[in-house]
Amino acid sequence: MKTALLTFHNAINYGAALQVFSAQKAIQDLGHTCDVIDYVNSHRKNSYNMFYHAKEEIKNKNLKKAMIYYIGSIFM
């Protein structure tokens, strides 16, 4: 039987990747083939992109928040 695992594991920690790996392994151990579908939307895609958030705050004319995001991007 073929099974698909829909997930979004684009995270800055290893927990999400380990969770999808263990779920895939458990499904395979049950005798199924497992395809992983990594769901990515624009919000998730840019959730860790500080430059993106800084640009959005500049568009919203919130320069204080834009500077906070820009300074935070230096450490990412």
Side-chain angles (χ1 to χ4, degrees):
M1 177 180 252
K2 192 169 185 175
T3 307
L5 185 61
L6 179 64
T7 181
F8 48 95
H9 58 274
N10 178 20
I12 204 160
N13 61 52
Y14 295 111
L18 288 172
Q19 183 177 7
V20 74
F21 173 77
S22 62
Q24 182 182 26
K25 177 90 170 90
I27 291 169
Q28 288 173 343
D29 288 347
L30 292 171
H32 303 280
T33 59
C34 183
D35 291 333
V36 175
I37 302 168
D38 184 19
Y39 176 74
V40 179
N41 61 18
S42 62
H43 177 73
R44 293 287 309 154
K45 180 180 177 184
N46 294 311
S47 61
Y48 296 114
N49 186 340
M50 295 300 137
F51 287 116
Y52 171 81
H53 291 293
K55 277 194 315 187
E56 290 298 310
E57 293 301 334
I58 289 170
K59 285 181 192 175
N60 294 333
K61 298 183 184 231
N62 192 341
L63 298 179
K64 184 178 178 181
K65 270 192 173 181
M67 287 303 295
I68 291 170
Y69 280 122
Y70 179 72
I71 291 169
S73 69
I74 295 169
F75 300 105
M76 294 292 286

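Note that the structure is predicted; figures quoted are calculated from it, not measured.
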To the nearest 0.5 Å, tell me how far F21 CZ sits from K25 NZ.
7.0 Å

Quick one: are L63 and I58 in side-chain contact, heavy atoms under 4.5 Å?
yes

Just checking Q19: does its CD atom have more than 12 heavy atoms from other residues, nucleotides or ligands closer to it than 6.0 angstrom?
no

To the closest 0.5 Å, what do you measure between NZ (K64) and CD (E57)?
12.0 Å

Find the distance between CD (Q28) and CG (L5) and round it off to the nearest 0.5 Å.
10.0 Å

